[in-house]
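These notes are about the structure you will find just below.
Note: hydrogens, waters and symmetry copies are ignored here, and every other heavy atom, side chains too, is used. Residue numbering restarts at 1 for every chain, and letters A, B, ... go by the order of the sequence lines.
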Amino acid sequence: MPELPDVEVYRRRLAHAGLHRPIERVRVRDSTVLRGFSSQRVTRALRGHRLVDTSRRGKHLFAAMSDPATLVMHFGMTGVLQVHDRLHEPGPHERMALEFRDGGVLSIVDQRKLGFVTVVDDVTAYCHDHDLGPDALALGLGDLRALLRGYRGGVKSLLMEQSSIAGIGNIYSDEIVFQARIDPRRPAASLDDAAVRRLHRQMSRVLRLAADRGADPSRFPEGWLLRHRQHHAPCPRGNGQIQKIRLGGRGAYYCPACQR
DNA sequence: AGTACCACCTGACGGC
DNA sequence: TGCCGTCAGGTGGTAC
């Protein structure tokens, strides 16, 4: 699940229900999510403090603490952030949880364990060290134009390049180029100005709309590719058949009739 | 610089 | 029913 819209949904959930609640206990149920950080260090940074502010950059979620530290969360392929008002029994894939003094629980569930949690002092330095580009929703038309011009690979590949644009993954890159009617393999530098504008408009529109609908595909418009992401499915625009191809080792879906 | 492949993990699915 | 290969919305390292 977790591309930009999903992580934005988690951020809003955290901002709405997880702030200013004193943390009484930290449950680390699978320390591999800490990627080498010790449970002691993370527990020390969190216990007795509160989360006071949220932010997001691409697929990374940050929660500033009431001391100088910041909690960093990444959700990999299957991570989910849940906030419960009352004590909640951990499910089988819960990796870590914060128990609030008021009895509520913030729980991180991640079946495949490709996500991680860490604590940092300096978010800006963290983003720099991890080569994280600007958030996709903060990218202006001129920024996107410059990135496209300077990139020698395909459009979809650039959209997924986290060091250039943070937040877009396999699913939403397919959706964005579908809505912009651009072939995913088309060389980025070959887009004319009209195509660059379509791509920029659809990038913002798709990501914002998806987040506003809770990143729940069943609530997405019928005309979205997301709802027809199957080899040989009819194109929701009625022009052709969806094709599945292999791009960078991953499945990419597109409509050869609409996307050029 | 861009791409291809592997690794990290778990689970679901189709074919035999 | 069981076994096997493949695939799944992420990222990092390596080797062209």
Side-chain angles (χ1 to χ4, degrees), chain A residues 1-10 29-37 56-61 72-81 90-96 108-118 126-133 135-136 146-179 184-190 203 206-207 209-211 213-220 224-232 242-254:
Chain A
M1 284 177 276
E3 298 185 35
L4 186 152
D6 310 84
V7 180
E8 176 60 17
V9 169
Y10 300 157
R29 307 192 68 236
D30 185 334
S31 61
T32 61
V33 298
L34 302 178
R35 295 290 193 276
F37 261 64
R56 184 188 55 69
R57 174 108 156 239
K59 304 170 191 174
H60 284 82
L61 177 59
V72 180
M73 289 158 277
H74 190 286
F75 298 93
M77 295 262 276
T78 54
V80 178
L81 181 145
H93 303 302
E94 183 185 281
R95 306 304 172 195
M96 185 171 158
I108 293 171
V109 177
D110 184 3
Q111 180 191 112
R112 285 176 67 185
K113 301 201 279 192
L114 297 174
F116 58 85
V117 176
T118 188
Y126 175 87
C127 291
H128 179 80
D129 293 345
H130 292 259
D131 205 12
L132 267 189
D135 188 78
L147 285 172
L148 287 160
R149 261 206 290 258
Y151 193 75
R152 293 179 343 104
V155 172
K156 176 178 162 78
S157 166
L158 171 62
L159 289 180
M160 290 176 59
E161 188 58 62
Q162 302 300 302
S163 57
S164 300
I165 306 172
I168 302 170
N170 199 36
I171 285 278
Y172 285 99
S173 59
D174 278 356
E175 189 65 50
I176 291 164
V177 293
F178 177 76
Q179 297 296 332
R185 295 160 300 183
R186 177 132 164 233
S190 76
M203 180 173 76
V206 164
L207 297 174
L209 185 59
R213 303 259 173 117
D216 174 0
S218 72
R219 298 176 57 206
F220 293 170
W224 278 26
L225 177 65
L226 262 288
R227 308 194 47 172
H228 310 269
R229 225 169 166 275
Q230 247 182 297
H231 191 47
H232 292 160
I242 302 303
Q243 298 294 310
K244 178 185 183 183
I245 57 173
R246 209 85 198 155
L247 230 50
R250 337 203 35 191
Y253 295 79
Y254 79 113

Give A:Thr32 one of three labels, base, sugar-phosphate or nothing, depending on what nucleic acid heavy atoms sit under 4.0 Å from its own. nothing

What's A:Gln162 touching, base or sugar-phosphate or nothing? Going by heavy atoms closer than 4.0 Å. sugar-phosphate

Rounded to whole angstrom, note down the P distance from B:dC9 over to C:dG2. 27 Å

Considering only side-chain heavy atoms of A:Asp6, which listed nucleotide, C:dG10, B:dG2, C:dG9, is closest? C:dG9

C:dT11 phosphate, OP1 or OP2, under 4.0 Å from A:His74 side-chain N/O: yes

Return the value, rounded to whole Å, for the distance between atom CZ of A:Arg112 and atom P of B:dA7. 15 Å

In whole angstrom, give the distance that lies between atom NZ of A:Lys113 and atom C1' of B:dC8. 10 Å

Side-chain N or O of A:Arg229 less than 4.0 angstrom from OP1 or OP2 on C:dA8? no

Think A:Thr78 has a side-chain N or O under 4.0 angstrom from the OP1 or OP2 of B:dC9? no

Length of the CZ-P vector between A:Arg35 and B:dA7, whole Å: 17 Å

Nearest to side-chain heavy atoms of A:Arg152, which nucleotide of C:dT11, B:dT10, B:dG2: B:dG2

Is it the case that more than 12 heavy atoms not belonging to A:Arg152 sit under 6.0 Å from its CZ atom? no

What is the distance from CD1 of A:Ile168 to C1' of C:dG10, rounded to the nearest Å? 14 Å

Between C1' of B:dA4 and CZ of A:Arg246, the distance in whole Å: 12 Å

Under 3.5 Å on both distances, the Watson-Crick or G-U partner of C:dG12: B:dC6

Would you indicate which nucleotide in B:dT3, B:dC9, C:dA8 comes nearest to any side-chain atom of A:Tyr151? B:dT3

Please state the P separation for the pair B:dA4 and C:dC7 - nearest whole angstrom. 15 Å

So if I take every side-chain heavy atom of A:Lys59 and compare against C:dG9, B:dT3, C:dG10, which nucleotide ends up nearest? C:dG10

Closer than 3.5 angstrom, by distance alone: can the side chain of A:Lys244 be matched with the main-chain N or O of A:His232 as a donor-acceptor pair? no

Report the distance from atom CG of A:Asn170 to atom P of C:dC7, rounded to the nearest whole Å. 13 Å

Donor-acceptor check, side chain of A:Glu94 to backbone of A:Pro92, threshold 3.5 angstrom: yes or no? no

I'd like to know if the side chain of A:Arg185 pairs up with that of A:Tyr254 as donor and acceptor (distance under 3.5 Å, no hydrogens or angles considered). yes

Between C:dG10 and B:dA1 - P atom distance, rounded Å: 24 Å

Residue pair A:His60 / A:Val72, side-chain heavy-atom distance below 4.5 Å: yes

For A:Gly167, which contact category applies under a 4.0 Å heavy-atom criterion: base, sugar-phosphate, or nothing? nothing

Starting at CZ of A:Phe116 and ending at P of B:dC8, how long is that distance when rounded to a whole Å? 18 Å

Classify the nucleic acid contact of A:Gly249 as base, sugar-phosphate or nothing, counting any heavy atom under 4.0 Å across all strands shown. nothing

Contact class for A:Gly115 (heavy atom, under 4.0 Å): base, sugar-phosphate, or nothing? nothing

Looking at side-chain heavy atoms only, is the closest gap between A:Val80 and A:Tyr10 below 4.5 Å? yes

Could you give the distance separating C:dG5 and B:dC6 at their P atoms, to the nearest angstrom? 14 Å

How long is the line joining OH of A:Tyr172 and C1' of C:dG10, in whole Å? 15 Å

Can you tell me which nucleotide in B:dG11, C:dT11, C:dC7 comes closest to the side chain of A:Gln111? B:dG11

Given C:dT6, is OP1 or OP2 found less than 4.0 Å from the side-chain N or O atoms of A:Lys244? no

Under-3.5 Å donor-acceptor pair between A:Arg250 side chain and C:dA8 base: no

C:dG9 versus B:dG2 - spacing of their C1' atoms, nearest Å: 22 Å

Quick one: sort the A:Phe116 and A:His74 rings into parallel, tilted or perpendicular, breaks at 30° and 60°. parallel

